[in-house]
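The structure under discussion appears below in the form of structure tokens.
For clarity, every value in this text was computed on a predicted model and none was experimentally measured.
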Amino acid sequence: MDLILWRHAEAQEPEGDMTDLERPLTRRGDKQAARMAAWLDRQLPEGTRILCSPAVRTEQTVRALARKYKIHDELRPGASPEQLLQLAGWPSAKAPVLIVGHQPTLGETISRLLQLTEPECSVKKGAVWWLRSRERETAQQTVVVTVQTAELL
């Protein structure tokens, strides 16, 4: 199974009575999302399920991809890695899954899957981590397929 984790692009800081979920992307964030979406559009297999947090900034990020997606409350800021992995169907889903979400959830998920010693891996705004589950000698492994940032595209 392929699990693609995409952190939302750069977002504005909250202003006035704006809630965290209402924060939109900055101009720079719009550009980051567009660059990464163009790259993802060339890379993603047909049939990839796309799941998104209900936050404005994640939905704006995923809209740049111009593919169908579903919003899931389980991916909102503060979600647990367990919620994310269960929603994705890790490690046995039949189709690749792209999740557009937040830190620290994405970093905690990556750290857990790669069995890192740190509880959280840093994920840059707008970046993608592409992970793959495979079985080797009867053991389940997680492989990093690629890590991509918008600045390098």
>> Taking the basic N atoms (NZ, or NE/NH1/NH2) and the acidic carboxylate oxygens, is any pair closer than 4.0 Å for Arg76 and Asp73?
In response: yes
> With a 4.5 Å limit on heavy-atom distance, are the side chains of Arg67 and Asp41 in contact?
Replying inline: yes
>> For Arg49, is there an ion pair with Asp2 - N to carboxylate O distance below 4.0 angstrom?
In response: no
>> Tell me whether Arg23 contacts the main-chain N or O of Thr19 through its side chain, where contact means a donor paired with an acceptor under 3.5 Å.
In response: no
> Roughly how far apart are Leu65 CG and Thr48 OG1, rounded to 0.5 Å?
Replying inline: 9.0 Å
>> I'd like to know if the side chain of Arg7 reaches the main chain of Val123, judged simply by a donor and an acceptor atom lying under 3.5 Å from each other, with no hydrogens or angles considered.
In response: yes
> Mind checking what makes side-chain contact (heavy atoms from CB on, under 4.5 Å) contact with Thr105, not counting sequence neighbours?
Replying inline: Ala79, Leu84, Thr109
>> Just to verify, what does Gln60 make a side chain to side chain donor-acceptor pair (under 3.5 Å) with, not counting sequence neighbours?
In response: none
>> For His72 and Ser53: C-alpha separation, side-chain torsions, deciding distance, then whether side chain to side chain contact (heavy atoms under 4.5 Å, CB included) applies.
In response: CA-CA 6 Å; His72 286 272; Ser53 157; over 6 Å; no
> When you check the side-chain N and O atoms of Ser133 and Gln140, is any donor under 3.5 Å from an acceptor?
Replying inline: yes
> Going by an N to O cut-off under 4.0 Å, is there a salt bridge joining Glu108 and Arg112?
Replying inline: no
> Which heavy atom in Val62 sits nearest to a heavy atom in Trp6, and how many Å separate them?
Replying inline: CA-CZ3, 4.2 Å
> Pick one: which of Glu120, Lys125, Lys124 meets side chain to side chain donor-acceptor pair (under 3.5 Å) with Gln103?
Replying inline: Glu120
